[in-house]
Amino acid sequence: MVPGVAGEPKVLERDALDTLFDALAARGHTVIGPTVRAQAIVLDEIASSADLPIGWTDEQDGGRYRLVRRDDEACFGFALGPTSWKRFQLPPRLRIHTTRREGGDGEWTVEPEPEAPPRYAFVGARACDLAAMGILDTVLVRGARPDPRDVARRAETLIVAVQCGQAGGTCFCASMGTGPELSAESHEYDLALTELLDGGRHAFLVTAASAAGAELLAALPVREAQAADVGSAAQAPLRAAREQGREMDTEGIRELLYRNHEHPRWDEVAERCLTCGNCTMVCPTCFCTSVTDTTDVTGNMAERWQEWASCFTVDYSHLHGGSVRGSGRSRYRQWATHKLATWFDQFGSSGCVGCGRCITWCPVGIDLTEELAAIRASDGATSGGEDPGTGA
């Protein structure tokens, strides 16, 4: 067996990979996976292995992302793109209900949205992705008052994970304990693929980690795995761990941030931060939303929508009399402190999985690992801060 992965491993040849897509479609699943679009590898609906980013990889650094060609035909030979599975767990825009009235003075009726959730199959989720899904599950479906739609979407989702074999320049999941190796004990998935590309062969080691995964595996034309297959697969996460371009010292990080609320580094990062909200949009665990109401020109129909929101916008913390966090300094500090400190108090874990998306997709290349290292290096330093009335 492969360490950390449940089930007896089998081997699926590359030219039979489409049987997996066929089996998922036959079970009524809409397959979501990586594909190339607009010069990036994004997650979207795909129909077959031909839609995968075959032969592509990515180069990532602070504020930099480029697609480049590989020298092989790997299907999953890249790190992470700008989109995460959050888009399908918590849709960016979701209609809550519609209200209508007949005539100018009729009674209002509320039309709730249809209850039937989509039946997704996620193909290609890495260990850090799965950790992020688990964090979102804690927030969305294991809270005191979960939204039934969030619960239903998650219950209908089948996950085909991929063992990470290549890290990006901004990855640091090893520091956060969320990857790169898949673990049936700490990650929730149904089937796991490890891409094997050596000695001229191209195949996938496949293991099941749930009853649904075992049933799916039984429908595929697989063969028994040999020792060489298992040994090759075991090298993938080790290779990804060595390639990680960032690291974060998490020792006492919650307390570190609590006692450095007025550290001068917050002023320094505020001089560079555009408060654009890119980091919150690409983050796989940021879950803030807002509610908006729209009406038609007659005033006889109104819709209520739930939409993604960002704590980097001034309006997000607006209360009577103005914004609680009116400065870029206070908004960046709020985001970083919540992600790495107060998240523990709310949900029992860090809110960061070390995927590095916030670093790659920051237009000015602000690096969360660098900011935390700077605060740790001068722990206890203080600045004058800001007038509380300005949102410090």
Side-chain angles (χ1 to χ4, degrees), residues 61-63 128 131-132 135 139 169-178 244-280 282-283 285-288 310-314 316-317 319 322-392:
D61 208 334
C128 64
I135 290 171
V139 176
T170 58
C171 292
F172 59 101
C173 69
S175 297
M176 309 309 293
T178 59
Q244 297 203 357
R246 298 290 197 279
E247 62 180 0
M248 180 182 287
D249 182 358
T250 60
E251 180 68 27
I253 194 169
R254 173 176 172 271
E255 293 73 20
L256 175 73
L257 285 166
Y258 281 167
R259 65 176 175 263
N260 283 283
H261 193 67
E262 297 300 339
H263 197 283
R265 189 69 183 190
W266 302 123
D267 298 304
E268 294 177 32
V269 73
E271 293 178 358
R272 293 174 285 139
C273 180
L274 306 177
T275 65
C276 64
N278 265 21
C279 51
T280 56
V282 298
C283 177
T285 64
C286 281
F287 60 88
C288 293
S310 172
C311 58
F312 278 89
T313 62
V314 175
Y316 184 77
S317 62
L319 300 176
S323 175
V324 173
R325 292 184 287 271
S327 68
R329 172 186 187 267
S330 62
R331 296 200 290 276
Y332 185 87
R333 183 181 59 191
Q334 154 65 22
W335 175 73
T337 303
H338 184 213
K339 191 67 60 178
L340 295 168
T342 57
W343 206 292
F344 284 98
D345 299 324
Q346 285 183 282
F347 308 114
S349 74
S350 168
C352 176
V353 297
C355 69
R357 287 184 176 94
C358 62
I359 305 171
T360 297
W361 296 96
C362 174
V364 295
I366 293 173
D367 184 337
L368 182 62
T369 65
E370 180 183 320
E371 300 310 316
L372 268 292
I375 291 175
R376 188 179 292 279
S378 53
D379 187 4
T382 59
S383 66
E386 300 179 7
D387 181 342
T390 67

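Because only heavy atoms are used, hydrogens play no part in the values below, and waters and symmetry mates are left out as well, while side chains stay in. If you're wondering where the values come from, they're calculated on a predicted model, not measured in any experiment.
- Here the two rings, on Tyr316 and Trp335, have centers that are 6.0 Å apart or farther.
- Counting heavy atoms from C-beta outward, Cys279 and Arg357 have side chains that stay 4.5 Å or more apart.
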Under 3.5 Å, which donor-acceptor pairs link side chains of residues 372-381 to any protein atom two or more places apart or in another chain?
| from | atom 1 | to | atom 2 | distance (Å) |
| --- | --- | --- | --- | --- |
| Arg376 | NH1 | Glu251 | O | 3.1 |
| Arg376 | NH2 | Asp249 | O | 2.9 |
| Arg376 | NH2 | Glu251 | O | 2.9 |
| Ser378 | OG | His263 | NE2 | 2.8 |
| Ser378 | OG | Ala374 | O | 3.1 |
| Asp379 | OD1 | Arg259 | NE | 3.1 |
| Asp379 | OD1 | Asn260 | ND2 | 2.7 |
| Asp379 | OD2 | Arg259 | NE | 3.0 |
| Asp379 | OD2 | Arg259 | NH2 | 2.8 |

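- Enclosure of atom CD in Glu247 is not indicated, since only 12 or fewer non-hydrogen atoms of other residues, nucleotides or ligands lie within 6.0 angstrom.
- From Trp266, atom CH2 reaches atom CD of Gln334 across 10.5 Å, with rounding to the nearest 0.5 Å.
- Not a single donor-acceptor pair under 3.5 Å links the side chain of Arg246 to the backbone N or O of Gly356.
- In this structure, Gln244 contributes its side chain and Ala174 its backbone to a donor-acceptor pair below 3.5 Å.
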If you apply the rule side-chain hydrogen bond (donor to acceptor under 3.5 Å, both in side chains), what do you find for Thr313 with Ser310, and how did you get there? CA-CA 6 Å; Thr313 62; Ser310 172; 5.5 Å; no

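- The pair Arg272-Asp367 does not meet the salt-bridge criterion, since no charged nitrogen lies less than 4.0 angstrom from a carboxylate oxygen.
- Residue Arg254 forms a side-chain hydrogen bond (donor to acceptor under 3.5 Å, both in side chains) with just one option from Asp345, Thr337, Thr342, and that option is Asp345.
- Under the ring pair (Phe, Tyr, Trp, His ring centres under 6.0 Å) criterion, Phe172 pairs with no residue at all, not counting sequence neighbours.
- With hydrogens and angles ignored, the 3.5 Å screen pairs a side-chain donor or acceptor of Arg331 with a backbone N or O of Arg325.
- Ring geometry for Phe347 against His338 counts as tilted: the plane angle lies between 30° and 60°, on a 0 to 90° scale.
- A donor-acceptor pair under 3.5 Å is formed between the side chain of Thr280 and the backbone N or O of Gly277.
- A salt bridge is defined here as a Lys NZ or Arg NE, NH1 or NH2 lying under 4.0 Å from an Asp or Glu carboxylate O, and Glu262 with Arg329 meets this definition.
- Residues passing the ring pair (Phe, Tyr, Trp, His ring centres under 6.0 Å) test with Trp361, sequence neighbours excluded: Tyr65.
- Across all non-hydrogen atoms, the minimal contact from Ile135 to Ser350 is CD1-O, 3.4 Å.
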